[in-house]
Colleague: 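Pasting in a structure now, in structure tokens, and then I'll have a few things to ask.
In this text the structure is predicted, and so the values were computed from the model without any measurement.
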Amino acid sequence: MRKIQVNKIGVASFGKVVGFTQAIIAFVYGLLVSFSAVAGILGSNNDWLAKMGISLSVAVFAVFILPLVGFVFGWVQGVIAAAVLNVVFSESKGLELEVQDVK
């Protein structure tokens, strides 16, 4: 085991990582919402064209728009968290981590 010390986190880099993580979570959530909404719509008494239009709009929102919004909010959260952590690290002389080299 060897110790390393983290003194600063890249703000944009950490924001990107948190943003992508939130986008993946939002994509999975969007798929679940899309499936449940489409199942509910198919059980309704509307004509098939209305069912297809509503299903397509729900799927586009849940699979494309929701992950994009998740990324933006995750990026903002990551940037704020990294900025706060950088202040904390500078005041507390960093964060010590124990790492092990694996071959």
Colleague: Can you sort out the partners of Phe64 under side chain to side chain contact (heavy atoms under 4.5 Å, CB included), two or more places apart, ordered by chain and number?
Modeller: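 Scan of Phe64 (side chain to side chain contact (heavy atoms under 4.5 Å, CB included), adjacent residues dropped) gives Val60.
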Colleague: Using a 3.5 Å distance criterion without hydrogens, assess whether the side chain of Ser13 forms a donor-acceptor pair with backbone atoms of Gly10.
Modeller: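 Here the side-chain-to-backbone pair does not exist.
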Colleague: Please find the pair of heavy atoms, one from Arg2 and one from Asp101, that lie closest to each other, and give the distance.
Modeller: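 Arg2 and Asp101 have their closest heavy atoms at NH2-OD1, 3.3 Å.
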Colleague: Any idea which heavy atoms bring Leu66 and Gly30 closest together, and the distance?
Modeller: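 Heavy-atom minimum between the residues: CD2-CA, 3.9 Å.
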Colleague: According to side chain to side chain contact (heavy atoms under 4.5 Å, CB included), who are the partners of Glu98, at least two apart in sequence or on a separate chain?
Modeller: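 Result, side chain to side chain contact (heavy atoms under 4.5 Å, CB included) vs Glu98: Met1, Lys3.
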Colleague: Determine all donor-acceptor pairs shorter than 3.5 Å in which one atom belongs to a side chain in residues 21-29; sequence neighbours excluded.
Modeller:
unit_1	atom_1	unit_2	atom_2	d
Thr21	OG1	Val17	O	2.8
Gln22	NE2	Gln77	OE1	3.3

Colleague: Among the clusters formed by ILVMFWY side chains lying less than 4.5 Å apart, do Val63 and Val58 turn up in the same one?
Modeller: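 Different clusters.
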Colleague: For the residue pair Phe71 and Phe20, what are the closest heavy atoms and their distance?
Modeller: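 Looking at all heavy atoms of both residues, the closest pair is CD1-N, 3.5 Å.
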Colleague: Could you state the interatomic distance from CG (Leu68) to CZ (Phe73), rounded to the nearest 0.5 Å?
Modeller: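 Interatomic distance, Leu68 CG to Phe73 CZ, rounded to 0.5 Å: 10.5 Å.
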Colleague: How many angstroms lie between CG in Asn7 and CD in Glu96, if you round to the nearest 0.5 Å?
Modeller: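 That separation rounds to 10.0 Å.
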Colleague: Taking only residues at least two apart or on different chains, which pairs with a member in residues 32-42 satisfy side chain to side chain donor-acceptor pair (under 3.5 Å)?
Modeller: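 Listed once each, the pairs would be none.
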Colleague: Connecting only ILVMFWY residues whose side-chain heavy atoms lie within less than 4.5 Å of each other, what is the rest of Leu32's hydrophobic cluster?
Modeller: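 Same cluster as Leu32: nobody, lone residue.
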Colleague: Where is the tightest heavy-atom contact between Ala62 and Pro67, given as atom of each residue plus distance?
Modeller: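 Nearest pair, atom of Ala62 first, then Pro67: O-CD, 3.6 Å.
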Colleague: Quick one: name the residues clustered hydrophobically with Val18, using the 4.5 Å side-chain heavy-atom rule over I, L, V, M, F, W, Y, and just say none if it's on its own.
Modeller: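 Via sub-4.5 Å side-chain contacts, Val18 links to Ile4, Val6, Ile9, Phe14, Leu85, Phe89, Leu95, Leu97, Val99.
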